[in-house]
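So that the names make sense, note that chain A is the first sequence line, chain B the second, and so on, each numbered from 1.
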Amino acid sequence: MRLHDKSVFPNDLNLNGLTGLSGELDELLRRKDEHMGPMTIFALRTRYIIGRMAEYSKDEISRIEDKWRSAWAKNKVYQTELDISKPKYYVLDMFPYPSGAGLHVGHPLGYIASDIVARFKRIKGFNVLHPMGFDAFGLPAEQYAIEHGIHPATSTQQNIQNFKRQLGKIGFCYDWSREVQTCDPSYYRWTQWIFLQIFESWYNRKEAKAERISSLIACFETEGNISHPFPNLKFRTPSGSDSFTATQWKTYDEKTRREILMNYRLAYLAHTDVNWCEALGTVLANDEVINGVSYRGGFPVVKRQMRQWSLRITEYAERLLSGLDQIDFSESMKDIQRNWIGKSTGCLVTFKIKGLTPGPSPEERGRETANKKYWSILKAYSKDLRKNQTKAESILWEELRNSKLGHKIRRQHVIGIFIADFTCLDKRLVIEVDGDIHLQTEEYDNARTEFLHDEGFAVIRFTNDEVSSDLNNVLSKVKKTLDELPSIKRSSSLSEPAPMTIGGEGRGEVLTVFTTRPDTIYGVDFMVLAPEHPLVAEITTESYRKEIDAYLKYVESRSEIERMAEVKRVTGCFTGAFAINPISKKETPIWISEYVLAGYGTGAIMGVPCGDERDHKFAKHFKLPITNIIGTFYSGEEANPSYEATLENSGAFNGMLMRDAVPAIIAELEKLGVGKRQINYKMRDAGWSRQRYWGEPFPVIFRDDVPYAMEEKDLPLTLPDSDNFKPSGNGEGPLANLTDWIDFASGEKRDSNTMPTHAGAAWYFLRYMDPHNQKEFAGRKSLDYWNQVDVYIGGSEHAVAHLLYSRMWVKILHDLGYLNFDEPFKKLINQGKITGDSRFVYRVRGANKFVSAGLIDQYETDPLHVDISLVEGLELDTDGFQRSRPDYASAKFILENGKYICGSAIEKMSKSKYNVVNPDDIIDKYGADTLRMYEMFLGPLEQSKPWSTNGIDGVYKFLRRFWNLFHDSTGKFGVGNDAPTKEELRALHKTLKKIESDIENYSFNTSVSEFMICVNELSSLKCNKRSILEPLVIALSPFAPHIAEELWSLLGHPNTILNATYPAFDEQYLKVNSHAYPISINGKVRATMEFALDMPKEDIEKLVLASEILKKWSEGKPPKKVIIVQGKIVNVVL
RNA sequence: GCGGAUGUGGCGUAAUGGCAGCCGCGCCAGACUUAGGAUCUGGUGCCGAAAGGCGUGGGGGUUCGAGUCCCUUCAUCCGCACCA
């Protein structure tokens, strides 16, 4: 029956008997009774009863929605099978982290959009994969466990159940039989397996793809590492070289080989600078640190060295970058990724340092490696030692000095924190004599040797006896070792440039910088090193040492946060040294400054003040001369980074456009052997270890401190049960406490770290394709069929980490032959964030009194968040507010116009701000279909917007009107079988066309609007014809599946509407034969005239010119020009 | 500072270079014999009594015609932030 039809009201109804039937009715009566007489109450009850009896009422909605939800579940209508006879379509949501707070109305926004796409694609004939799962490992569950003593597994499962309950109510068409949970051993077994594939792979730069580590070993065995040098230039073989031959490889023991391989593996263990957060007791990834504090909790973060797993994602930088051209992500999303990868093309340039002769002095060499703090102490001590040598040392020193070894030997040389007895720097060899005055234990010697190895030195050791009794043997041994070791190149001429790395050999006489602007080489007025640059100690002259030390101290004292906060501050210090420009030969001073970062490029720059803003500020601040090489492009006040200037003061390059000078100068630098082309990336390798309990354990076993992959048959390595989740705080995670699990009787050990949540999320979309496979992460047939995700919907906050790691993992699996695609997501849509609309009350300081927002100027107040359910618009329900908290029960209110008006602010939706809107409440009130359509109606999907329930009535009314099209005035279902009219067909087909194109364009708000227009039109046409309404139900079904399914069933279809076919729209119904032309005069519309669409322009022109309206405006003058666009507009220019 | 996005009624928003404001909220008026957080009908950009004029953040340009294209400027939001 119609909701507004009063005739059905039963006259003999006993109203009293109804009291208490519904709490809501009571509530209505209580709120109203002071203003209402008995008739009002009577009317209210009437309305309530009519509402209950109407077909599409609140109760009826929940009956319909519940009925279909259980029917869908029972009949497994969402279960998807691999069916190669059908084209596939893969619609994916970013799976949620199941937080304890449950869903708020912002979460479903993207899910609703993807659900519409999935349902639409299905009725368009696709085999649609639309799965859902949970990103269930992670820090919050662990922190909750620490605070509340509930095991993460327990709380996570509870949260998942709650999420599933909430998601279930919205009517999504997820195939829950494919659900994955990253914390499930049957899932993370394969996360671990993929990790091992990555561990057992290396990146072949020649082929630009990952390969099995076995291919690398085969290569080493035949030619050493000549073709594939260490990816990280800092690494050295035990003998201190950056290369080795096949013969050498064969002499290495197992451990050494593994150490060398570790430097190639795509998942590798290394001492890396990590972001250590003391408060969380864990390490954070770069993207988890924001402005020097943790993204969660805002705790301070410091740099710390730890032995960590990393993924060598930098090897994929180029492919991650170029892959962006193949995929349909928004430009801003691509830009964020490009920015993160941070590719810059430029070149390395080597400057000689004035006054430093090739081959540094022992002091300089020692200082280079010594910890600054110990340097002076060690130096003094080494002098001491030289005077008090043991007898054996003296004998050996005399011989080494006099024998013609061909290499310079130094004695009592400081290396790091040790003083080596004898050192050959050319060969990186240390010769030690165990003397009686050293009194060191064997352990001490071992530690020493290990340290020296790390520094790239080979060590040979002799006893006192050997030296005194068999000196010749000792000398020949030394000679033999020296011959075997490769010489480290020392450059002393331009034709033989030094290896251009920070950590490499050859430092001391040259300084290498990275620049993207080689064209400005003549404009270099100074050089700047990062304070941490290893050359700093070496080049600083005596007269500047004090100042430099003071500056270094200052830099050390500054925390990361301070440096971030004062980015624009200019600080620095002159070292006293000068560099010689390799092209202009000009001498420029070398400074140090914190604005140069040690971690990027070479940690050193050439300062070009006329072309770089930072250099310019630096030059101005320290009153350094500025060479202008760009003429009028440089104002003297501001640097100009243009490429368009013509070079001046640039020697042979004068008159050249800078743009052209870039390649020309690089060529010149390369010719002179002082530069080479170089590409740098900002992106760093991804730290992959977390000192946490609630994550995937690393499937490796350490033997002699070397990690070995576990065998596939032993996976999963399950997370051991524990009730101690507190990090030890010293860098080891909670797993370190479980010694039974960590330690083996054999002395072998497990890794105490776990993987980050990114691990499980990096490949879950592949597991959905074949979620129950026990033998593989997913079967090849499924992977080939379902292939790439056709559309991926989720928040833009995952732009960097998740999307880059997923893309990397897919590329690796592709390279290793498991996938036939190397980008996971064809198209990405970022739904906008739905923010909360908070309300505030203003408490008068020192009193239990609240002031309305308009009057706060007159008091000293503190704003307090108030629960939005207690506020209607901006007006506070003061009674409800008093009831909500006992301490406010006696609160006084200072009202304006008899009302308490709240303040408001748009903020993130969160429990603590009392502004969370739970979709459950909306569904209880209006039903899931209304929620779905209203969320889509709010605005464009990708736009962020504050949540407001204002306007939801419009959508609710629309559904009711839609429902009423199928029902007569008595509420009885019934559709007519008459032939449709032209107007009705037109209304239908216009809508079918628009909905289809809107969904393809992800423009769901305009779809909802179009449905409303259509229903408005059909209502005024009083259309109840099956031939019109049936197709319309199908078109609406992706948006409002429950009501659509009910009507579909009422229309007599036994099968679910999910298996219907989207009706084809027919262009012929949209055709019209005349058009109301707007007649504009001088661009302003003055009238409309109806002409047949096929009327020739000439006829239109005649009719228009003859019309009254033109006579009125032209005042008899002939028109200058008449523009007629057929089917559009007529414009007359006077 | 760099990069990206967005600026349209009281509000959310809509407009293949062709009648700016579709659709909805809100508001106003009316109908349903009283009542009304229901329903239905009509109205609703601004100024103006009207004729008409003015209107898409501001300024310029291209065009017969610009919310839409170009230049410039301002504001807001997001991302990155001393990356040489």
Strictly under 3.5 Å: I want the nitrogen or oxygen pairs between protein and nucleotides 51-55 of chain B, one per line.
residue	atom	partner	partner atom	Å
B:rG52	OP1	A:Lys1112	NZ	3.1
B:rG53	OP1	A:Arg1086	NH2	3.3
B:rG53	OP2	A:Arg1086	NH1	3.0

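In this structure A:Lys343 satisfies the salt bridge (Lys or Arg N to Asp or Glu O under 4.0 Å) test together with A:Glu318, sequence neighbours excluded. Legend: residues meeting side-chain hydrogen bond (donor to acceptor under 3.5 Å, both in side chains) with A:Asn830, ordered by chain and number and at least two apart, are absent. By the ring pair (Phe, Tyr, Trp, His ring centres under 6.0 Å) test, A:Tyr926 pairs with A:Tyr956, sequence neighbours left out.
Contact check, A:Tyr595 against B:rA84: no side-chain N or O comes under 4.0 Å of OP1 or OP2. Proximity of A:Ser796 to the phosphate of B:rG79: no side-chain N or O atom is located under 4.0 Å from OP1 or OP2. Side-chain N/O atoms of A:Lys945 include none lying less than 4.0 angstrom from OP1 or OP2 on B:rG12. Residue A:Arg960 has a polar side-chain atom (N or O) positioned under 4.0 Å from OP1 or OP2 of B:rU39. Checking the phosphate oxygens (OP1, OP2) of B:rG79, no side-chain nitrogen or oxygen of A:Gln337 falls inside 4.0 Å.
Across the strands present, B:rG18 finds its partner in B:rC64; the criterion is a Watson-Crick or G-U wobble pair with both atom distances under 3.5 angstrom. B:rA38 is unpaired under the criterion used here, namely a Watson-Crick or G-U wobble arrangement in which both key atom distances are under 3.5 Å. With a cut-off of 3.5 Å on both pairing distances, the Watson-Crick or G-U wobble partner of B:rG3 is B:rC78. The nucleotide B:rG48 finds no pairing partner, because no Watson-Crick or G-U wobble arrangement with both distances shorter than 3.5 Å includes it. Applying the Watson-Crick and G-U wobble criteria (two distances, each under 3.5 Å), B:rC27 pairs with B:rG43.
For A:Tyr551 and A:Tyr554, the ring centers are positioned less than 6.0 Å apart. A ring-centre distance under 6.0 Å is found for A:Phe618 and A:Phe526.
We find that NZ of A:Lys990 is positioned 13 Å from P of B:rA15, with the value rounded to whole Å. When the P atom of B:rG12 is taken as reference, atom CH2 of A:Trp947 falls 15 Å away, rounded to whole Å. Note: CG (A:Leu1105) to C1' (B:rC64) measures 14 Å, nearest angstrom. Spacing between atom CD of A:Gln943 and atom P of B:rC11 amounts to 15 Å, rounded to whole angstrom units. Nucleotide B:rA66 holds its P atom 12 Å from the CG atom of A:Asn1082, rounded to whole Å. When the P atom of B:rG37 is taken as reference, atom OH of A:Tyr956 falls 16 Å away, rounded to whole Å. Here the P atom of nucleotide B:rU13 and the CG atom of A:Asn1005 are 9 Å apart, to the nearest Å. Straight-line distance from the CZ atom of A:Phe329 to the P atom of B:rG79: 19 Å, rounded to whole Å.
Syn is the classification of B:rG9, since its glycosidic angle stays within 90° of 0.
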Inset, instruction - Could you encode protein contacts along nucleotides 19-30 of chain B as a string, one character per nucleotide from 5' to 3', using B for base contact, S for sugar-phosphate-only contact and - for no contact, with a heavy-atom cut-off of under 4.0 Å? - result: B--BBSS-----
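Comparing B:rA14, B:rC64, B:rA84 by their nearest atom to the side chain of A:Leu597 picks out B:rA84.
Rounded to whole Å, the separation between the P atoms of B:rA29 and B:rU68 comes to 38 Å. B:rC74 and B:rC28 have their P atoms separated by 42 Å, given to the nearest Å. Comparing the P positions of B:rG60 and B:rG10 gives an interatomic distance of 24 Å, to the nearest angstrom. The same atom, P, is picked in B:rC40 and in B:rC25; the two are 10 Å apart, to the nearest Å. The gap from the P atom of B:rG43 to that of B:rC23 amounts to 11 Å, rounded to the nearest Å. Comparing B:rG7 with B:rA14, their P atoms sit 9 Å apart, to the nearest whole Å. On the C1' atoms, B:rA20 is 13 Å away from B:rC54, given to the nearest whole Å. B:rG45 and B:rC22 have their P atoms separated by 8 Å, given to the nearest Å.
Between A:Asp335 and A:Ile605, the residue anchored nearer the 5' end of RNA chain B, judged by the nucleotide with its closest heavy atom, is A:Asp335. Comparing A:Lys925 and A:Gly939 by the nucleotide of RNA chain B whose heavy atom lies nearest to each, the residue mapping closer to the 5' end is A:Gly939.
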Inset, instruction - Report the C-alpha distance between A:Glu1010 and A:Lys990 in whole Å, list the side-chain angles of each, state the deciding distance to 0.1 Å, and finish with yes or no for salt bridge (charged side-chain N to carboxylate O under 4.0 Å, His left out). - result: CA-CA 9 Å; A:Glu1010 179 61 30; A:Lys990 185 166 68 88; 3.6 Å; yes
Inset, instruction - Start with the C-alpha gap between A:Tyr595 and A:Thr571, add the side-chain angles, then the distance that decides, and say whether side chain to side chain donor-acceptor pair (under 3.5 Å) holds. - result: CA-CA 8 Å; A:Tyr595 87 89; A:Thr571 66; over 6 Å; no
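A donor atom on one side chain and an acceptor atom on the other are not found under 3.5 Å apart for A:Asn680 and A:Ser344.
Salt-bridge annotation for A:Asp953 and A:Lys957: absent, with no side-chain N of the basic residue lying under 4.0 Å from a carboxylate O of the acidic one. A salt bridge links A:Lys993 to A:Glu1067: at least one charged side-chain nitrogen sits closer than 4.0 Å to a carboxylate oxygen.
Considering every non-hydrogen atom in both A:Ala1035 and A:Ile995, the closest pair reads O-CG2, 4.4 Å.
A:Val1125 comes within contact range of at least one nucleobase, with a heavy-atom separation under 4.0 Å. A:Lys1121 comes within 4.0 angstrom of sugar-phosphate atoms only, judged by non-hydrogen atoms across all strands, and of no base.
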Show the atom names and distances, to 0.1 Å, of all donor-acceptor pairs under 3.5 Å that link a side chain in residues 794-804 of chain A to residues at least two apart or in another chain.
residue	atom	partner	partner atom	Å
A:His802	ND1	A:Ser806	OG	3.3
A:His802	NE2	A:Tyr792	OH	2.7

